[in-house]
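Reading through the structure tokens given below for one structure.
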Amino acid sequence: MENLLAGEASAYLRSAAHQPVHWLPWGDAAFARARAEDKPILLDIGAVWCHWCHVMDRESYENPKLAELINEKFVAIKVDRDERPDVDSRYQAAVQAISGQGGWPLTVFLTPEGKPFYGGTYFPPADHYGRPGFERVLLAIADAFHNKHDEVKQSAEQLLSVMSQAETFAGRSKDFSPAVVDAIVRSAEKMYDAQNGGFGSAPKFPHPAAVELLLDRYARGETKLRDILMGTLVRMAQGGVYDQIAGGFHRYSVDAQWIVPHFEKMSYDNSELLKNYVHGYQALNEPFFAAVAQDIIRWMDAWLSDRERGGFYGSQDADISLDDDGDHFTWTLAEAQEVLRGDELAVAALRYDINETGEMHHNPAKNVLYVDASLDQIAEKLAKTREQVAEILERAKQKMYEARTKRPIPYIDKTVYTNWNALCISAYLGASRILMLDDAKHFALRSLDRILAEAWSNSGGLAHVVAYSDPAAPKRHVPGMLDDHAFTVSACLDAYEATADLSYFNFARKIAGRMVEKFFDPVGGGFFDTATGEQGALGALSTRRKPFQDSPTPAGDPAAAIALLRLHAYTNEASDRDNAEATLEVFAGIAEQYGIFAGTYGVASVLFSEPHTLVVVIGEDQRALELEAAALAPFALNKSVVRIAHNEVVPQNLPPALAETVANLPAVKESRSVAVVCSNFTCRPPIGEPDELERVLRETLASR
């Protein structure tokens with residue numbers, strides 16, 4: 001027997017089609033049934049990569065007794081948080097208001113109108129882990145709904161009011177001040193874990209946007225930030241949170257030392273960390289960071305990308321089944337001994353601390369691989385040279401990788417989401433330019449072309465889903481949200497800068513125009529995450545949200561401000577900058593309180609308060625390539641570089657600001673290869689020598 005989720009497109013929803021719970025997808029029909037039957041709604045929100053979602057599915061939703069209870073007393077709705085982040089974000093806010101914490105699975109109880117009145121995350125089937133058993137919760141909620149109806153209704157109204165006030169930031173705006181950047185940096189300094197790197201304690205998450213802000217400040221002369229940046233980037237990359245064999249980062253670490261991760265891998269974590277390591281290589285001049293960046297791309301190329309059509313997949317699951325915990329990624333000593341011999345085993349065991357007793361509680365023999373010894377330490381212990389150890393280690397890693405690919409592979413959700421793809425495209429394009437990776441550039445452009453061809457329409461804007469994981473699944477149109485549009489504008493600008501192809505700039509302009517039209521609040525400033533009237537007003541979707549806090553992807557409102565400010569550098573249109581300023585002002589009164597969780601807001605603040613520096617390199621010869629390399633070398637958030645062929649430097653082939661400033665340069669008419677540094681729409685005389693360009697850029701970027 002299958003429930004109605006069998007007809008859905010989402011891999012997470014389809015995975016629950018066999019469950020005895022009479023699940024309904026989010027939509028009018030589910031709410032109509034709840035009203036008709038006067039039943040509370042049980043809302044489950046999860047994801048295909050979520051371990052504890054699978055646990056609760058098996059323990060509770062596949063339990064015939066509990067399913068019968070749910071079917072009798074509730075209308076059950078299941079939502080994929082990746083497919084519907086708008087639904088998830090609102091009910092996350094509700095559960096956090098109720099219990100002080102959120103996460104997945106998200107278990108929320110609603111009135112038939114969709115208003116939340118109670119909720120939590122994972123509930124065990126019986127009392128356990130200090131949590132009430134799910135059966136007891138279900139019975140208590142059903143009883144309260146029918147016998148304490150007035151109290152439930154009052155609680156739901158109060159909670160919806162709290163959510164509405166919290167999510168729109170009404171009345172909290174004030175004039176923007178660039179001092180917020182200092183406040184966010186100071187917050188990072190206070191939260192820095194000097195012993196282990198990163199910020200805060202266990203569980204420990206990466207904070208890519210905050211790291212970007214710190215890198216920018218370091219590059220501007222705050223050298224005291226070097227220890228924080230080195231400690232964080234090195235320790236993450238040497239920890240078990242990083243896949244030492246295949247490359248790529250797991251979602252987060254359960255401990256403060258970055259050793260034992262939650263093993264799922266997300267495209268958005270890897271895209272943003274890829275940016276960190278590329279920019280870390282630029283700012284800190286550390287080749288190790290370039291190697292990590294290339295390793296992230298290696299993993300994404302192999303496992304998280306559609307090589308045939310372009311596009312990046314959503315995620316890779318942590319586990320094969322509920323009976324393991326990262327078993328695909330971890331190693332017993334015996335497993336290592338089966339693959340490696342002699343020096344290979346000795347080097348790998350020392351490097352990654354592979355012993356008879358490992359780190360995994362469910363199977364103490366399982367070792368998480370993390371860097372426990374340097375190459376020099378291993379060389380001294382084994383009486384070998386450093387070069388010999390490095391060569392042996394590479395052989396051992398390759399053998400372990402090949403052996404691991406023969407194990408069952410955790411599920412890869414091949415859904416192509418517009419917002420996450422845009423992040424990946426930007427990261428790949430940035431890496432391709434700094435690390436000179438042509439293949440990464442070509443794949444990023446092919447992926448962007450696919451989004452623009454399949455997800456964009458002139459009438460409707462962007463769709464949130466480009467393609468679902470199961471090609472046999474029915475097609476579902478999910479309208480694009482704010483971050484789909486904001487991230488894609490930036491991806492198009494990155495593509496323009498990487499290619500000088502004006503069509504990408506024109507797309508950026510069109511998508512930004514649609515973003516303002518559909519999501520901007522002309523009264524209060526800032527952007528709503530969903531378009532007015534597009535998603536309907538089911539449940540908590542009636543509350544308006546202006547996403548400000550990074551959680552964990554870059555927040556939509558500051559990302560939109562970033563897109564507009566970057567666009568303004570090419571258009572010089574006042575409305576682009578004015579709308580960005582109005583967005584920053586919405587949150588100016590509270591931003592400092594959020595510290596590193598307002599990292600993207602901090603990045604937007606730098607772009608708004610610092611003069612934008614645009615380097616236009618003109619030419620196609622070796623000297624032009626050298627000038628481009630010199631222009632790309634220093635890291636700064638407010639710097640852009642584009643190289644244009646001589647025959648393309650005509651007004652009709654340039655964005656407006658460039659048509660006004662560089663199209664009539666004498667060097668263009670003379671076909672000389674030069675670089676032009678423009679700041680605040682004022683351009684310096686053309687520069688023909690890379691060394692001179694580096695000097696001018698240092699002066700320009702250092703001035704504040």
Practice task
Begin with the C-alpha distance, continue with both residues' side-chain angles, and end with the deciding distance and a verdict on salt bridge (Lys or Arg N to Asp or Glu O under 4.0 Å) for Glu264 and Arg251.
Solution key: CA-CA 6 Å; Glu264 61 271 10; Arg251 196 161 69 93; 2.7 Å; yes
To the nearest 0.5 Å, how far apart are [atom1] in [X] and [atom2] in [Y]?
X: Leu160; Y: Ser542; atom1: CG; atom2: OG; answer: 5.0 Å
X: Tyr268; Y: Ser271; atom1: OH; atom2: OG; answer: 10.0 Å
X: Ser457; Y: Leu452; atom1: OG; atom2: CG; answer: 12.0 Å
X: Leu274; Y: Trp299; atom1: CG; atom2: CH2; answer: 11.5 Å
X: Leu369; Y: Ile259; atom1: CG; atom2: CD1; answer: 11.5 Å
X: Asp269; Y: Phe249; atom1: CG; atom2: CZ; answer: 9.5 Å

Problem - ring-ring contact (aromatic ring centres under 6.0 Å, His included) against Phe443, all qualifying residues, sequence neighbours excluded - result: Phe312
Practice task
Report yes if some heavy atom in the side chain of Arg404 is under 4.5 Å from a heavy atom in the side chain of Asp243; otherwise report no.
Solution key: yes
Kindly say whether [Y] contributes a backbone atom to a donor-acceptor pair with the side chain of [X] at under 3.5 angstrom?
X: Arg14; Y: Ala9; answer: no
X: Arg131; Y: Ala126; answer: no
X: Asn270; Y: Ile296; answer: no
X: His128; Y: Pro125; answer: no
X: Asp484; Y: Asn419; answer: yes
X: Asp88; Y: Asp82; answer: no
X: His54; Y: Val48; answer: yes
X: Ser305; Y: Arg307; answer: no
X: Asp550; Y: Ala555; answer: yes
X: Ser15; Y: Tyr12; answer: yes

Give me the atom names and distance for the closest heavy-atom approach of [X] to [Y].
X: Ala467; Y: Arg450; result: CB-NH2, 3.5 Å
X: Arg514; Y: Ser459; result: NH1-O, 3.1 Å
X: Ser315; Y: Trp49; result: OG-CD1, 3.3 Å
X: Thr600; Y: Ala559; result: CG2-N, 3.9 Å
X: Val108; Y: Pro116; result: CG1-CB, 3.8 Å
X: Lys204; Y: Ala256; result: NZ-O, 2.9 Å

Ion pair [X]/[Y], N-O distance below 4.0 Å:
X: Glu68; Y: Lys65; value: no
X: Asp44; Y: Arg81; value: no
X: Asp521; Y: Lys546; value: yes
X: Glu113; Y: Lys115; value: no
X: Asp38; Y: Arg33; value: no

Tell me if the [atom1] atom of [X] is crowded by more than 12 foreign heavy atoms within 6.0 Å.
X: Asn147; atom1: CG; result: yes
X: Lys414; atom1: NZ; result: no
X: Gln101; atom1: CD; result: yes
X: His361; atom1: NE2; result: no

Exercise for the section: Report the C-alpha distance between Phe117 and Glu151 in whole Å, list the side-chain angles of each, state the deciding distance to 0.1 Å, and finish with yes or no for side chain to side chain contact (heavy atoms under 4.5 Å, CB included). Expected result: CA-CA 9 Å; Phe117 62 91; Glu151 293 178 26; over 6 Å; no
Check: [X] ring centroid to [Y] ring centroid under 6.0 Å:
X: Trp258; Y: Tyr242; value: no
X: Phe528; Y: Phe519; value: no
X: Phe527; Y: His485; value: no
X: Phe205; Y: Phe199; value: no
X: Phe263; Y: His51; value: no

Exercise for the section: Begin with the C-alpha distance, continue with both residues' side-chain angles, and end with the deciding distance and a verdict on salt bridge (Lys or Arg N to Asp or Glu O under 4.0 Å) for Asp143 and Lys73. Expected result: CA-CA 9 Å; Asp143 178 72; Lys73 297 186 178 295; over 6 Å; no
Problem - Stepwise ring pair (Phe, Tyr, Trp, His ring centres under 6.0 Å) test for Phe145 and Phe109 - result: CA-CA 10 Å; Phe145 179 79; Phe109 295 95; over 10 Å; no
Fill in the blank from the handout: In Ile77, Thr121, Val87, Asp80, the residue satisfying side-chain contact (heavy atoms from CB on, under 4.5 Å) with Ile45 is Val87
Problem - Option passing side-chain contact (heavy atoms from CB on, under 4.5 Å) with Glu359 (candidates Val368, Asp255, Val254) - result: Val368
Exercise for the section: Show your working on side chain to side chain contact (heavy atoms under 4.5 Å, CB included) between Glu135 and Asn63 and close with a plain yes or no. Expected result: CA-CA 11 Å; Glu135 181 176 7; Asn63 181 317; over 6 Å; no
Practice task
Begin from the C-alpha positions of Asp323 and Arg58 and carry the test salt bridge (Lys or Arg N to Asp or Glu O under 4.0 Å) through to its verdict.
Solution key: CA-CA 11 Å; Asp323 300 317; Arg58 183 172 73 172; 3.4 Å; yes
Practice task
May I ask you to decide if the ring planes of Phe31 and Trp26 are parallel, tilted or perpendicular, using 30° and 60° as cut-offs?
Solution key: perpendicular
Exercise for the section: Look at the aromatic rings of Tyr417 and His464 and report parallel, tilted or perpendicular, splitting at 30° and 60°. Expected result: tilted
Practice task
Applying side chain to side chain contact (heavy atoms under 4.5 Å, CB included), run through Ile451 and Leu462 and close with a yes or a no.
Solution key: CA-CA 9 Å; Ile451 287 180; Leu462 286 166; 4.3 Å; yes
Handout entry: Criterion salt bridge (Lys or Arg N to Asp or Glu O under 4.0 Å) on Asp449 and Arg446, from CA distance to verdict
Key = CA-CA 5 Å; Asp449 291 345; Arg446 189 144 52 94; over 6 Å; no
Handout entry: Test ring pair (Phe, Tyr, Trp, His ring centres under 6.0 Å) applied to Tyr61 and Trp23, step by step
Key = CA-CA 10 Å; Tyr61 298 134; Trp23 291 113; 4.8 Å; yes
Handout entry: Under 3.5 Å side-chain donor-acceptor pair for Trp303 and Asp301
Key = no
Practice task
Decide whether a cation-pi geometry holds between Lys366 and Trp331; the criteria are a distance under 6.0 Å from NZ or CZ to the six-membered ring centre and an angle within 45° of the ring axis.
Solution key: no
